[in-house]
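In what follows, a single structure is set out as structure tokens and then discussed.
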Amino acid sequence: MFVQDGTALFLVAAVGLTVPSLVSANGNWQRLNLASPPVSPSFTKRFFLFSYKTEPSLTLLSERESLVMYMFHHLDASHWLGNMCSIAASAALLDLGFWRTSLLFVGGGISGAIAHVCEWSLIRDNKGHISSDPLISLWLRGTPYEVPVKGLFSGLFPTTYSLAGASAGAFALTGAEFWLICSAMRSILTGSRGSNDKGRRRRSARVESQDPNQRLADLIVMGATRLVTLGLQVAAVLEPGAADLATSWPGSLAQNVGHSAHIGGFLFGFVAMGVLSQFPQ
């Protein structure tokens with residue numbers, strides 16, 4: 001096979017677990033002439049949307065399981081297709097088998113959700129702009145010098161936010177790719193031995209005859225594309241107009257573009273791949 005059986009199983013599971021909620025969303029089940037949606041709207045709201053509010057205190061509105069299950073719900077077909085293509089490409093390139101790929105994917109999703117919460121509750125002021133005031137308020141809470149900082153957009157509409165989609169998990173796989181690219185570049189530059197994982201050994205065998213300089217150039221390009229991808233997410237978080245865009249969308253729909261979640265997933269994947277590489281597959 002092109003990939004290990006475990007990697008193929010992961011891809012089948014990723015698609016299979018996301019299809020039911022996709023069919024149930026936006027009346028897709030009616031277009032397919034189904035009698036009822038595979039997943040009821042109430043179940044989707046409770047388990048397939050990671051929802052929380054920042055005031056008067058940080059509170060999880062959905063079930064705890066939504067911290068993972070939100071990854072298996074997508075807003076529409078294009079949202080789903082984009083994530084599935086990214087996951088398939090990264091999982092096939094990494095070829096780590098079922099458990100390691102699943103660990104990166106789920107861990108990235110959880111890390112992404114946490115990063116999303118931190119952005120919208122800790123580093124933005126009541127106008128939605130990047131500010132140190134919320135952190136100062138948290139630091140001084142309970143003291144005579146407490147700073148009365150409200151949550152994001154609290155003066156505009158209720159501070160309730162949600163997150164859906166597998167993109168944080170997809171970015172975790174991209175972060176793992178970036179770690180392996182950096183590791184391969186270091187191996188070429190130092191002449192040291194590469195990864196001991198059998199999936200990576202099989203991939204490496206295909207380029208053993210390639211000129212080291214050419215391979216290094218290819219790796220630099222590959223690494224640069226991953227860095228650009230990460231940089232675009234950071235720029236989106238820091239973009240001054242992002243808050244103004246969000247205020248023009250009802251119900252904080254702009255939060256569904258979880259740029260901070262993407263960053264959190266990428267960083268988790270990079271660190272976790274470094275740890276996993278210490279334990280031969």
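Just so you know, these numbers use all the heavy atoms, side chains as well, and skip hydrogens, waters and symmetry mates. The first residue of the sequence shown is numbered 1, and numbering continues consecutively from there.
A 4.5 Å side-chain heavy-atom check between Leu49 and Leu163 finds every atom pair outside the cut-off. Looking only at side-chain heavy atoms (C-beta outward), Leu81 and His74 stay at 4.5 Å or farther from each other. Within the 4.5 Å cutoff, no side-chain heavy atoms of Val271 are placed close to those of Leu267. Residues Val19 and Val15 have side chains in contact (heavy-atom distance under 4.5 Å, counting atoms from C-beta outward). Counting heavy atoms from C-beta on, the side chains of Phe98 and Gln4 never come closer than 4.5 Å.
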Practice item. Show the numbers, then the answer: is there a side chain to side chain contact (heavy atoms under 4.5 Å, CB included) between Thr101 and Leu94? Key: CA-CA 8 Å; Thr101 309; Leu94 292 168; 5.7 Å; no
Exercise for review: Take Arg215 and Asp211, measure what side chain to side chain contact (heavy atoms under 4.5 Å, CB included) needs, and give me the verdict at the end.
Suggested key: CA-CA 6 Å; Arg215 188 184 177 202; Asp211 177 68; over 6 Å; no
Review point. What's the verdict on side chain to side chain contact (heavy atoms under 4.5 Å, CB included) for Tyr70 and Phe48, showing C-alpha distance, side-chain angles and the deciding distance?
Key: CA-CA 4 Å; Tyr70 85 90; Phe48 275 122; over 6 Å; no
Exercise for review: Applying side chain to side chain contact (heavy atoms under 4.5 Å, CB included), run through Arg64 and Phe47 and close with a yes or a no.
Suggested key: CA-CA 8 Å; Arg64 291 189 300 272; Phe47 294 100; over 6 Å; no
Point to revise | Stepwise side chain to side chain donor-acceptor pair (under 3.5 Å) check, Trp80 with Thr18 | key: CA-CA 8 Å; Trp80 175 83; Thr18 55; 2.8 Å; yes
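Residues Leu104 and Gly269 approach most closely at CD2-O, 4.0 Å, considering heavy atoms. Between Met84 and Ala166, the closest heavy-atom pair is CE-CB, 4.4 Å. In terms of heavy atoms, Arg186 sits closest to Thr190 at O-OG1, 2.7 Å. Here the shortest heavy-atom pairing between Ala184 and Leu219 reads CB-CD1, 3.7 Å. Closest non-hydrogen pair, Trp179 versus Ser277, comes out as CH2-OG, 3.1 Å. A pairwise comparison of heavy atoms in Ala88 and Leu11 identifies CA-CD2, 3.6 Å as the closest pair.
Separating the CG atom in Leu67 from the CG atom in Leu60 is a distance of 8.0 Å, to the nearest 0.5 Å. Rounding to the nearest 0.5 Å gives a distance of 9.0 Å between CZ of Phe171 and NE2 of His259. Considering CZ of Phe266 and CD of Gln233, their distance stands at 10.0 Å, rounded to 0.5 Å. For the atom pair Ser167 OG and Asn83 CG, the distance stands at 5.0 Å (nearest 0.5 Å). The line from CZ of Arg46 to CD of Glu65 is 8.5 Å long, rounded to the nearest 0.5 Å. Note that CZ of Phe72 and OG of Ser66 are 12.5 Å apart. Values are rounded to the nearest 0.5 Å.
Side chain of Ser111 to main chain of Gly264: no donor-acceptor pair is present (N/O by atom type, distance under 3.5 Å, no hydrogens or angles). Checking side-chain atoms of Asn26 against main-chain N and O of Asn28 turns up no donor-acceptor pair under 3.5 Å. At least one donor-acceptor pair under 3.5 Å links the side chain of Ser90 to the backbone N or O of Ser86. No donor-acceptor pair under 3.5 Å is formed between the side chain of Tyr161 and the backbone N or O of Val117. Counting only distance, with no hydrogens or angles, the side chain of Ser162 and the backbone of Ser51 share no donor-acceptor pair below 3.5 Å. Within the 3.5 Å criterion, the main-chain N or O of Ala92 finds no donor-acceptor partner in the side chain of Asp95. A donor-acceptor pair is defined here as one N or O able to donate and one able to accept, closer than 3.5 Å; such a pair exists between the side chain of Ser24 and the backbone of Pro20.
A 6.0 Å sphere centred on CZ of Arg31 holds more than 12 heavy atoms belonging to other residues, nucleotides or ligands.
With hydrophobic clusters built from ILVMFWY side chains whose heavy atoms lie under 4.5 angstrom apart, Trp99 shares a cluster with Leu180. Tracing side-chain contacts under 4.5 Å through hydrophobic residues (I, L, V, M, F, W, Y), one never reaches Leu58 starting from Leu61; they form parts of separate clusters. Under a hydrophobic-cluster definition in which Ile, Leu, Val, Met, Phe, Trp and Tyr are linked whenever side-chain heavy atoms come within less than 4.5 Å, directly or via other members, Leu227 and Leu232 are assigned to different clusters. Following chains of ILVMFWY side-chain contacts shorter than 4.5 Å, one cannot reach Phe268 starting from Leu276, and the two form parts of different hydrophobic clusters. Note on Phe10 and Leu17: same hydrophobic cluster, where clusters join Ile, Leu, Val, Met, Phe, Trp and Tyr whose side-chain heavy atoms are under 4.5 Å apart, directly or indirectly.
The aromatic rings of Tyr52 and Phe50 sit tilted relative to each other, their planes meeting at an angle between 30° and 60°.
In the model, Ser260 has no side-chain atom that pairs as donor or acceptor with a side-chain atom of His116 under 3.5 Å.
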